[in-house]
Amino acid sequence: MTTMTETSARFREFKMPDVGEGLTEAEILKWFVQPGDTVTDGQVVCEVETAKAAVELPIPFDGVVHELRFPEGTTVDVGQVIIAIDVAPGSGDAPAPAAAAPAQEPVEAPEAEAEPKGRTPVLVGYGVAESSTKRRPRKGTAAAPEAAAVAAAVQAELNGHGASAPAPAATAPAGAPAGGRPLAKPPVRKLAKDLGIDLATVVPTGKDGIITREDVHAAAAPAAAEAPAAVASPVATEAPAAALPAAVSDSAREIRIPVKGVRKAIAQAMVGSAFTAPHVTEFVTVDVTRTMKLVAELKEDKDMAGVRVNPLLIIAKALLVAIKRNPEVNAAWDEANQEIVQKHYVNLGIAAATPRGLIVPNIKDAHDKTLPQLAEALGELVTTARDGKTSPAAMAGGTVTITNVGVFGVDTGTPILNPGESAILAVGAIRLQPWVHKGKVKPRQVTTLALSFDHRLVDGELGSKVLADVAAILEQPKRLITWA
C-alpha cells in the first residue's frame with residue numbers, strides 16, 4: 001500500500017497479485033468496471049493475461065471505483081496498484097483521481113497536454129490530472145525499432161482494421177470541444193494516427209462528444225475506397241476478442257504476430273522440453289470397435305446421466321489403468337539433485353486448443369476417480385479451457401498428458417512432452433477401416449496411438465508395456481474391470 005494523503009483513509013488500493021507460481025507481470029486485457037461504478041467483495045473487476053493463462057481478478061472489498069491506474073493493453077508488474085476504491089463514498093469531497101497511465105506506446109511518448117477544463121469528461125488513460133504512476137517501458141524497445149513499429153501496428157489492429165490510405169481533410173466537426181483538441185482515448189488517437197486521420201475532422205458519436213474507433217474508421221472509409229487495391233490491408237476482418245493480435249507489417253504480403261503471453265510461454269516450454277528430455281515415440285494401431293460400443297452403451301446408462309461420455313473418457317481411464325500396472329512410468333527427472341522422482345498420484349493432463357494457444361490443464365488425483373467422476377472432471381476441464389478461464393494452478397503439477405489430435409482428422413503424431421512430465425499419449429482419428437477380425441476381413445473402428453516418453457526415465461521396454469496395455473484395454477474394454 002502506498003503512502004496515503006490525509007483524505008486517502010477512505011480509499012483502498014488493489015495491487016496486481018501474483019496469480020501463479022512466481023510470475024512477475026501480467027497484461028490487463030479488459031476492465032469490467034469504470035470510475036463511479038459500485039463494486040462488492042468478490043466481484044470480478046478485470047481480466048489479465050499472464051505467461052500461462054487469462055485470469056479474472058476479483059476485488060476484495062466493497063465500495064465505488066475511484067480510478068483505474070492502467071488502461072487495457074498495459075503490462076503491469078506484480079505489486080503495482082491497478083485500481084483504487086472509495087470504501088466510504090459520500091463521506092466528503094474526494095481528491096480528483098489521477099489519470100490512468102497511458103498505454104505503453106513503443107513508438108513515441110503520449111502527448112503531454114491536458115484535456116480542457118470545466119465539464120470535459122475524464123477519460124481512462126487521458127484525464128485532466130497528471131498520472132500518479134510511471135510507465136514501465138516494454139523490454140527491448142529502446143534497442144529494437146523494428147519491434148517497436150510492429151508493436152505499434154498491433155495496437156492499431158487491436159482497436160480496428162489495418163492501415164488504410166489517409167482521409168482528405170475536412171471541416172472541424174460540430175461536436176469538437178471549443179478551444180480544445182477532440183476527445184478520444186489513447187488507443188483511438190493511436191488508430192487515427194496510423195490511419196492518417198486528423199481527429200479534428202472526425203464527427204464524434206460517443207457519449208459527451210468522445211470520438212470512437214468506429215468514428216475513425218468511418219472517416220477513413222472514403223479514402224480507403226479510393227486507394228489502390230495493392231495497398232489495402234490484408235486483414236479483412238477484426239480478429240476475435242480472445243485471439244492473438246495480428247500486426248500488419250510494412251509489406252501487404254505479410255502478417256506478423258507478436259510472441260507474448262501464453263504463446264511465448266508455450267514456445268519456451270516446448271523448446272526447453274524438446275532439447276532437455278530425450279524423446280522416444282512408439283506407435284500402435286488398434287481395433288477400438290468394442291470401445292465405441294461401450295461408449296454408446298454408457299451414454300444410455302442412468303449412472304452416467306448428466307456427464308459427457310466420449311472415446312476420450314475410455315482412453316483416459318485406460319491410460320490410468322496402464323499406469324497403475326506400470327507405476328515406474330509416472331515419474332519426473334530432478335536435474336538439480338540428480339534423482340528420479342516416482343509419483344504415487346496421477347495428475348492427468350489434457351491438451352486443449354484455446355484462442356490463446358495450446359494449454360495443458362490437468363485433473364488432480366485422476367487415479368482416484370470413478371468413471372462418472374472422471375467424466376465430470378473432463379467436461380469441466382474442457383469447458384473452462386475453451387472459455388479461456390483456466391487458472392495457472394490448474395496447469396501446474398501434471399504428471400502424464402493425453403493429446404487428442406484425432407479431433408482434427410489427424411491419424412497420429414510425435415507429441416512433445418509437457419515440461420516436467422514423463423509421457424504423453426497422442427490419440428489419432430477413429431476411422432472405419434478394413435481389419436482382420438476372427439479370420440475375416442471386416443470393417444472395424446480403428447485408431448493409431450503414439451506414446452512419447454522421456455528416455456532418461458522410461459526405457460523402451462517400460463514404454464512399450466504402457467502403450468501395449470492401453471491398446472489392449474481399448475481392444476477389450478472389459479480389461480478395465482479385470483486389470484483395475
Side-chain angles (χ1 to χ4, degrees), residues 28-37 67-68 70-74 96-131 135 151-227 233 235 237-239 241 245 247-248:
I28 298 176
L29 293 180
K30 183 177 180 62
W31 283 109
F32 299 115
V33 296
Q34 292 296 323
D37 291 350
E67 63 175 321
L68 307 180
F70 298 94
E72 296 172 359
T74 306
Q104 298 176 5
E105 304 293 352
V107 178
E108 64 177 9
E111 302 174 45
E113 59 180 295
E115 297 289 350
K117 296 182 179 179
R119 297 180 59 83
T120 302
V122 176
L123 302 179
V124 176
Y126 254 77
V128 296
E130 184 178 351
S131 172
R135 295 192 303 160
V154 171
Q155 186 64 48
E157 286 301 319
L158 282 172
N159 295 280
H161 302 297
S164 303
T171 56
R181 61 177 179 166
L183 301 179
K185 294 182 180 181
V188 177
R189 294 185 184 278
K190 182 66 176 66
L191 175 62
K193 179 179 179 181
D194 292 338
L195 297 181
I197 300 299
D198 182 358
L199 286 178
T201 68
V202 178
V203 178
T205 62
K207 183 180 179 181
D208 297 320
I210 296 174
I211 296 173
T212 67
R213 61 182 181 184
E214 289 77 15
D215 297 335
V216 175
H217 284 303
E226 298 173 2
S233 168
V235 182
T237 59
E238 292 189 15
V248 181

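Given the structure is predicted, the values throughout are model-derived calculations rather than measurements. In this chain, residues are counted from 1 in sequence order.
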#### Entry: Nearest-0.5 Å distance, OG1 of residue T74 to CG of residue L29
11.0 Å
### Task
Looking only at non-hydrogen atoms, find the nearest pair between P182 and I211 and report the distance.
CB-CD1, 3.6 Å
### Query
What heavy-atom pair brings K30 and E72 nearest, and what distance separates the two atoms?
CA-OE2, 3.5 Å
### Query
Do side-chain atoms of D215 reach the backbone of T205 as a donor and acceptor pair under 3.5 angstrom?
yes
### Query
Is there side-chain contact between I28 and P71, with heavy atoms separated by less than 4.5 Å?
no
### Query
Which heavy-atom pair separates L199 from V216 by the least distance, and what is that distance?
CD2-CG2, 4.2 Å
### Query
Taking all non-hydrogen atoms of both residues, which atom of W31 and which atom of F70 are closest, and how far apart?
NE1-O, 2.7 Å
## Note on the structure
Heavy-atom nearest pair, G209 first then P204, reads O-CB, 3.4 Å
